[in-house]
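Notes follow once the structure below has been shown.
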Amino acid sequence: MRRVILFFSLLLATGVSAQHFQISSPDDRIQMEVRNEKTLSYSVVYKDKVLVADSPLGFEFKDEKPMQGNFALLNVPQAEARSESWIPVVKNKHEKVQLHWNEMTFNLEEKEGDRRRMDFVVRVYDEGVAFRYQLYGGRKIGNRQITKELTGFSLPADATGWAAKYKRNYTSSQESEFVKTRLNYLPADTVAGLPFLVEVDKQNYVAITEACIDDYPGFYIGKGNSAQEKNQLLATRLSPLPGEKEDGVKARFFEKMATPWRVILVGDHPGRFIETELIHGLNPPCAIEDTSWIKPGMCAWDHWWSGEVKMEMDVIKEYIDFAAEQGWPYMLIDWQWYGPYNKAHADITKPAPQLNMPEILEYARSKNVRCWLWLYCTDVNKNDSYKEAFALYEKWGIAGIKIDFMDRDDQEMVNWYHRIIKEAAKHKLMVNFHGAYKPDGIGRTYPNLLTREGVMGGEYSKFSKRVTPEHNVTLAFTRMLAGPMDYTPGGFLNVPMEGFKPKNPTTVPNSRCAELSKFVIYDSPLTVMCEHPKYVLGQPGADFLKIVPTVWDDTRFLDGYPGEYIVMTKRSGKQWFIGAMNNCMKRVVEIETSFLPAGEYEFEYWADAKNADKKPTEVSKKKVRFVAGKSLSIKMVSGGGYVGVFTPVK
């Protein structure tokens, strides 16, 4: 039964009219209440428990009074039951997406002064709530300038959050650990990245993020001043425009502006958030008419991570051969293919003198491999050179571009992303952003954007000890909730965590099977393999990388907890792949296989060998008959993992 409640109350004692509106999810488990009193605020209830207590809404502007209350309603808000279904061009998680929600719009106008207008739109899904603002031009001629968004999230002070902490200059590649912290212990100067996962208690979780960022800065979580003693207010911090300080201008607009959706995923386990398509659903439908050229897949990568790779013809051909041998469709030609980068004389239309690009591309075609090209963002932006370059790449037959080192998410940079994605689509180029901000679901609208970084990924093992098994497990419950992440997995020089030291060639502190599990668990339609061919070909696990897909017809979370372990299964056609990843404690996990349709299967799996704790490259590979519904026992060593594939027996 769908239930939407609208009620008004009159505060007779004060003579002030208070308006309360409550809207429920289709399954009635989640309610969001909006209060239009002296100030505008909201709260969120899940299964009759308040998870987000009364929290502020509104804005502050330069040379204007704050806009946060004293509103008259210009309409009588009516809740509408809505639904949408679509077939994604790029199947990150599901072959078909269906979403249902209840929606309510508030048309607000200040009762006095300049009588500024604002619309507030609320959606309540079975998986959480989303809301956004629509701002309008002011009485004065010229831009309105936002200095602060007042949106807050009032949560229990003793709740636990996983915070990715960044500097207050708001310039970063958004690459950090998600550190488990009690909310009231967060430092006053916190600038935490999204998604921000919060455990209210063991039965109640929320994850805060945003969707559909367009002509607006990215937002971060800060620590606000709490009006309620037992709660901690999390405040919205916006990335300032270039040249502005933290308390300066964040966004400018003239006629009107729609903010991104503020999203609060709600549920009884954080693993359920991994399955939802809500973030994509808050973005417009696909804007590209012909999408036949958008093809996800695995990619080899001639990067410095895998050794002292040189930008030379024979090296590039070696990696093309690697992709061909593995049956992968792509090979990425990385930095310095056009010579020195981030220089005034850099030219992204001219290969370095030692490279014969026609020969490279013809060689790749002969191997049934297509090439991607790495680009430095300032070289792309110089004199709009990307327009000429993208047209040239289309003539060359380039599959896609990887653009790096933006390291910003202010309003200007967000708009730059949009220009790049649209121009790339005109020339049938897929896109991978590195040095990037978190995803926001724009891949639904422009599915040529296959993946992006914005994650502390595998490359950190080359120069630090920060990429621990605990970090790798936590990413699935935090950063991955926002969307695809180009972690660049695939390190085959596996060593125990104990005694691990960064060195060249790069080693990774987990088991071979843990590394293989990333290809199942992590979401990235373009999955870029980091390792050098000589360390992979003919080695245990290389055969799994020949068969694992990068897009999926179904995605199911099976078991796990942030920082401890995770088990997931994903379907491709009639095959079900399973992946498990562990932290630094040995573990045995029993998994029910009710996700399998009834019948018998051939089950091929790659598991940690008995001595994998001491020799993490050791793998136990077996093929057995398996009946659907039978329990599966997964044993993992410290930093271990497990992968397998169920194929129906005809």
Step-by-step side chain to side chain donor-acceptor pair (under 3.5 Å) determination, Thr451 to Asp486: CA-CA 6 Å; Thr451 191; Asp486 190 15; 5.1 Å; no

Begin from the C-alpha positions of Lys93 and Glu275 and carry the test side chain to side chain contact (heavy atoms under 4.5 Å, CB included) through to its verdict. CA-CA 7 Å; Lys93 300 180 181 182; Glu275 301 175 358; over 6 Å; no

When you look at Glu515 and Asn494, which way does the side chain to side chain donor-acceptor pair (under 3.5 Å) test go after all the steps? CA-CA 9 Å; Glu515 204 65 23; Asn494 313 96; 4.6 Å; no

Show your working on side chain to side chain donor-acceptor pair (under 3.5 Å) between Ser239 and Asp409 and close with a plain yes or no. CA-CA 6 Å; Ser239 187; Asp409 62 350; 3.1 Å; yes

Let's go through Asp201 and Lys49 carefully: what are the C-alpha distance in whole Å and the side-chain angles of both, what is the deciding distance for salt bridge (Lys or Arg N to Asp or Glu O under 4.0 Å) to 0.1 Å, and is it a yes or a no? CA-CA 11 Å; Asp201 54 47; Lys49 181 180 178 70; 3.6 Å; yes

Would Asn432 and Leu450 satisfy side chain to side chain contact (heavy atoms under 4.5 Å, CB included), going step by step from the backbone distance to the final call? CA-CA 6 Å; Asn432 175 7; Leu450 289 185; over 6 Å; no

Give the intermediate values and the outcome of salt bridge (Lys or Arg N to Asp or Glu O under 4.0 Å) for residues Asp119 and Arg132. CA-CA 8 Å; Asp119 296 337; Arg132 77 189 309 181; over 6 Å; no

Worked verdict on Asp215 versus Gln411 for side chain to side chain donor-acceptor pair (under 3.5 Å): CA-CA 6 Å; Asp215 195 27; Gln411 183 185 27; 3.0 Å; yes

Walk me through it: do Ile274 and Met480 pass the test side chain to side chain contact (heavy atoms under 4.5 Å, CB included)? CA-CA 7 Å; Ile274 299 172; Met480 199 173 76; 3.6 Å; yes

I would like to know whether Leu40 and Met118 meet side chain to side chain contact (heavy atoms under 4.5 Å, CB included); could you show each step before the answer? CA-CA 11 Å; Leu40 188 67; Met118 180 177 76; 3.8 Å; yes

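In this structure, the side chains of Val473 and Leu475 stay at 4.5 Å or more apart for every pair of heavy atoms. Annotation: side chain of Phe405 is not in contact with side chain of Asn342 (no heavy-atom distance under 4.5 Å). The shortest side-chain heavy-atom distance between Arg452 and Tyr417 falls under the 4.5 Å cut-off. Looking at heavy atoms from C-beta onward, Met568 lies out of side-chain contact with Arg556 at the 4.5 angstrom threshold. Counting heavy atoms from C-beta outward, Asn415 and Glu412 have side chains that stay 4.5 Å or more apart.
The aromatic rings of Tyr460 and Phe463 sit tilted relative to each other, their planes meeting at an angle between 30° and 60°. A perpendicular orientation is assigned to the rings of Tyr220 and Tyr166, their planes being inclined by more than 60° (bins at 30° and 60°). Between His303 and Trp335, the ring planes lie tilted relative to each other; the angle falls in the 30° to 60° range.
Under 4.0 Å is where a charged nitrogen must lie from a carboxylate oxygen, and between Asp410 and Arg408 at least one such pair does. Ion pair Lys62/Glu64 not flagged as a salt bridge, since none of the NZ, NE, NH1 or NH2 atoms sits closer than 4.0 Å to an Asp/Glu carboxylate oxygen. Between Arg237 and Glu149, no side-chain nitrogen of the basic residue sits less than 4.0 Å from a carboxylate oxygen of the acidic one, so the salt-bridge criterion is not met. With salt bridges taken as basic N to acidic carboxylate O contacts below 4.0 Å, none links Glu277 and Arg444. Comment: Arg272 does not engage Glu127 in a salt bridge, judged by the lack of any side-chain N to carboxylate O separation of less than 4.0 angstrom. With respect to the salt-bridge test (charged N to carboxylate O, under 4.0 angstrom), the residues Asp189 and Lys223 do not qualify.
The distance between the ring centers of Phe519 and Tyr522 does not fall below 6.0 angstrom. Between His269 and Phe557, the distance separating the two ring centers is shorter than 6.0 angstrom. The aromatic ring centres of Phe477 and Tyr561 sit 6.0 Å or more apart. The six-membered or imidazole ring of Tyr42 lies away from that of Phe120, with a centre-to-centre distance of 6.0 Å or more.
Side chain of His418 to main chain of Ile213: a donor-acceptor pair is present (N/O by atom type, distance under 3.5 Å, no hydrogens or angles). Of the possible polar contacts, one joining the Arg479 side chain to the Gly454 backbone as a donor-acceptor pair under 3.5 Å is found. A distance-only check finds a donor-acceptor pair linking the side chain of Glu210 to the backbone of Phe219 [under 3.5 Å]. Judged by distance alone, the side chain of Ser638 and the main-chain N or O of Cys584 form a donor-acceptor pair under 3.5 Å. Formation of a donor-acceptor pair under 3.5 Å by the Thr478 side chain with backbone atoms of Thr474 is found in this model. Formation of a donor-acceptor pair under 3.5 Å by the Ser172 side chain with backbone atoms of Gln174 is found in this model. With Lys250 contributing its side chain and Glu246 its backbone, the two residues share a donor-acceptor pair below 3.5 Å. A donor-acceptor pair under 3.5 Å is formed between the side chain of Ser464 and the backbone N or O of Arg466. No donor-acceptor distance shorter than 3.5 angstrom exists from the side chain of Thr151 to the backbone of Leu57, with no hydrogens or angles considered. Here the side chain of Asn102 pairs a donor or acceptor atom with the backbone of Ser24 at under 3.5 angstrom.
Every residue meeting the side-chain contact (heavy atoms from CB on, under 4.5 Å) condition with Gln68, not counting sequence neighbours, appears here in chain and number order: Pro66, Leu150.
When every heavy atom of Ala207 is checked against every heavy atom of Leu481, the shortest pair comes out as CB-CD1, 3.9 Å. Between Thr209 and Leu194, the closest heavy-atom pair is CA-CD1, 3.8 Å. Of all heavy-atom pairs between His280 and Gly441, the closest is CD2-O, 3.6 Å. Nearest heavy-atom pair, Asp440 versus Asn283, reported as atom, atom and distance to 0.1 Å: O-ND2, 2.8 Å. Residues Met456 and Ser176 come closest through the heavy atom pair CB-N, 3.7 Å. Of all the heavy atoms in Pro489 and Thr527, the pair that sits closest is CG-CG2, 4.1 Å.
Both tests pass for Arg144 against the ring of Phe61: distance under 6.0 Å to the centre and angle within 45° of the axis.
Identified under the ring pair (Phe, Tyr, Trp, His ring centres under 6.0 Å) test for residues 171-216, with sequence neighbours left out: none.
Within 6.0 Å of the NZ atom in Lys47, the count of heavy atoms belonging to other residues, nucleotides or ligands exceeds 12. With a 6.0 Å radius and a threshold of 12 heavy atoms from other residues, nucleotides or ligands, Glu498 has its CD atom at or below the threshold. Counting non-hydrogen atoms of other residues, nucleotides and ligands closer than 6.0 Å to NZ of Lys165 gives a total above 12.
Applying the ring-ring contact (aromatic ring centres under 6.0 Å, His included) test between Trp374 and each of Trp304, Tyr341, Phe433 identifies Tyr341 as the sole match. Under the side-chain contact (heavy atoms from CB on, under 4.5 Å) test applied with Val44, the options Ile30, Val50, Leu155 reduce to a single match, Ile30.
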